[in-house]
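Each chain gets a letter, A, B and so on, in the order its sequence line appears, and its residues count up from 1.
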There are 2 protein chains.
Amino acid sequence: MRHKKTSVGNVTVLERLRASGLRPTRQRLALAKLLFARGHRHASAEQLFNEAKTHRIEVSLATVYNALHDFTAKGLLREISIDSGGSYFDTNTSYHHHFYFERSGHLEDIAADRIAIAALPDAPGGAEISRVDVIIRVNG
Amino acid sequence: MRHKKTSVGNVTVLERLRASGLRPTRQRLALAKLLFARGHRHASAEQLFNEAKTHRIEVSLATVYNALHDFTAKGLLREISIDSGGSYFDTNTSYHHHFYFERSGHLEDIAADRIAIAALPDAPGGAEISRVDVIIRVNG
DNA sequence: GTTATATTTTAGAACCATTCTAATCTTATT
DNA sequence: AATAAGATTAGAATGGTTCTAAAATATAAC
């Protein structure tokens with residue numbers, strides 16, 4: 001048996017891709033499975049690329065970048081850059097914040113309701129607020 | 001007259017450098033003057049480098065980077081990276097936050113008291129919070 | 001199913017911000 | 001002045017990301 005025709009994870013991922021208007025290619029399916037199979041995660045392009053290698057998924061680094069950006073554009077991922085020199089892609093796209101561990105570079109989600117922002121200024125010049133990010137840097 | 005021996009801005013800057021234990025070299029003095037002469041600002045390495053060129057200050061790009069990092073290490077500047085691919089150096093080192101204009105890449109300070117954070121979670125695993133950054137992204 | 005059309009993948013080159021190297025020059029100290 | 005420590009420099013190197021243009025694949029139309 002070379003292929004599983006369907007698996008629960010596979011179908012879900014396939015449907016998610018179709019639903020967002022992205023062609024479910026072999027590469028996108030495989031990468032999406034890696035990203036969305038288990039709970040939420042923060043992945044860099046390089047990390048995902050290596051993970052794919054480990055799983056014997058043949059995919060180029062360019063395709064990993066393309067897929068991550070396509071997924072982000074369709075709202076399946078959210079891009080985060082904290083230190084210059086590498087962004088992370090977060091599978092949790094709902095409103096939330098982050099701990100950033102300065103020593104290790106590790107990111108950890110903070111549920112939105114754990115940070116209460118009482119007052120927020122209006123955007124200057126009638127601009128619209130598109131997102132509010134709270135990053136708590138910890139030296140851990 | 002080739003050099004002004006002293007000027008108010010010069011003396012202040014020279015004192016600031018000495019006070020922080022940095023040798024006040026020609027290059028550091030010139031760059032510090034550009035940075036601190038007027039009110040607070042956000043400068044990238046490239047921007048500062050070009051500004052130096054415009055002012056006929058001969059300084060290499062490596063020195064601009066060195067100076068910016070040295071100033072940051074001594075607490076004269078604060079480094080901010082929002083999108084991967086370039087950091088800014090903020091002359092305002094006191095606690096405050098930022099508007100980020102997604103279209104232009106422009107940064108604008110938000111005084112700390114304009115954002116009230118009512119509840120903040122403890123850092124996990126007994127780590128210490130080193131900084132809290134609030135970035136309000138606006139599409140302007 | 002086949003064909004036509006649009007989209008995707010790919011290897012490798014190119015790019016850009018940043019850091020490194022190791023030689024030269026400056027500053028501060030004696 | 002001589003010395004030692006620190007700073008500057010041009011250019012090479014690095015690392016993450018994007019580009020290019022050709023080959024492969026997915027969908028739509030027949």
Short side-chain N/O contact from [X] to OP1 or OP2 of [N], under 4.0 Å:
X	N	result
B/Gln27	D/dT9	yes
A/Tyr65	D/dT18	no
B/His69	C/dT19	yes

Looking only at side chains, do [X] and [Y] share a donor and an acceptor under 3.5 Å apart?
X	Y	result
B/His42	B/Asn92	no
A/Asp133	A/His97	no
A/His96	A/His98	yes

Nearest-angstrom distance from the residue atom [atom1] of [X] to [atom2] of [N]:
X	N	atom1	atom2	answer
A/Arg26	D/dA26	CZ	P	6 Å
A/Leu61	D/dG15	CG	C1'	11 Å
A/Leu17	D/dA26	CG	P	13 Å
B/Ile80	C/dT18	CD1	P	13 Å
B/Leu48	C/dT18	CG	C1'	15 Å
A/Gln47	D/dG15	CD	P	16 Å
B/Leu29	C/dT26	CG	P	15 Å
A/Leu31	C/dT10	CG	C1'	14 Å

* Would you say the side chain of B/Arg23 and the base of C/dT27 hold a donor-acceptor pair, judged only by whether the two atoms sit under 3.5 Å apart? -> yes
* Within a reach of under 6.0 Å around CG of B/Asp122, are more than 12 heavy atoms found that belong to other residues, nucleotides or ligands? -> no
Sugar-phosphate, base or nothing in reach of [X], heavy atoms under 4.0 Å:
X	answer
B/Asn66	base
A/Thr63	base
B/Ser87	sugar-phosphate

* To do: Using heavy atoms to find the nearest nucleotide of DNA chain D for A/Arg18 and B/Gly21 separately, return the residue whose nucleotide is more 5′.
  =>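 On the 5' side of the pair lies B/Gly21.
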* Structure fact -> Of B/Ser44 and A/Arg28, the one whose closest nucleotide on DNA chain C sits nearer the 5' end is A/Arg28
* For B/Pro24 and for B/Glu46, locate the closest nucleotide of DNA chain C by heavy-atom distance; then report the residue assigned to the nucleotide nearer the 5' terminus. =>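 So the residue in question is B/Glu46.
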* Go through C/dT18, D/dT8, C/dT9 for me and flag the one nearest to the A/Thr25 side chain. => C/dT9
* Which listed nucleotide (C/dT8, C/dT18, D/dA10) is nearest to the side chain of B/Ser60? -> D/dA10
* Asked: With a 6.0 Å cut-off on ring centres, are A/Phe101 and A/His106 close enough?
  -> yes
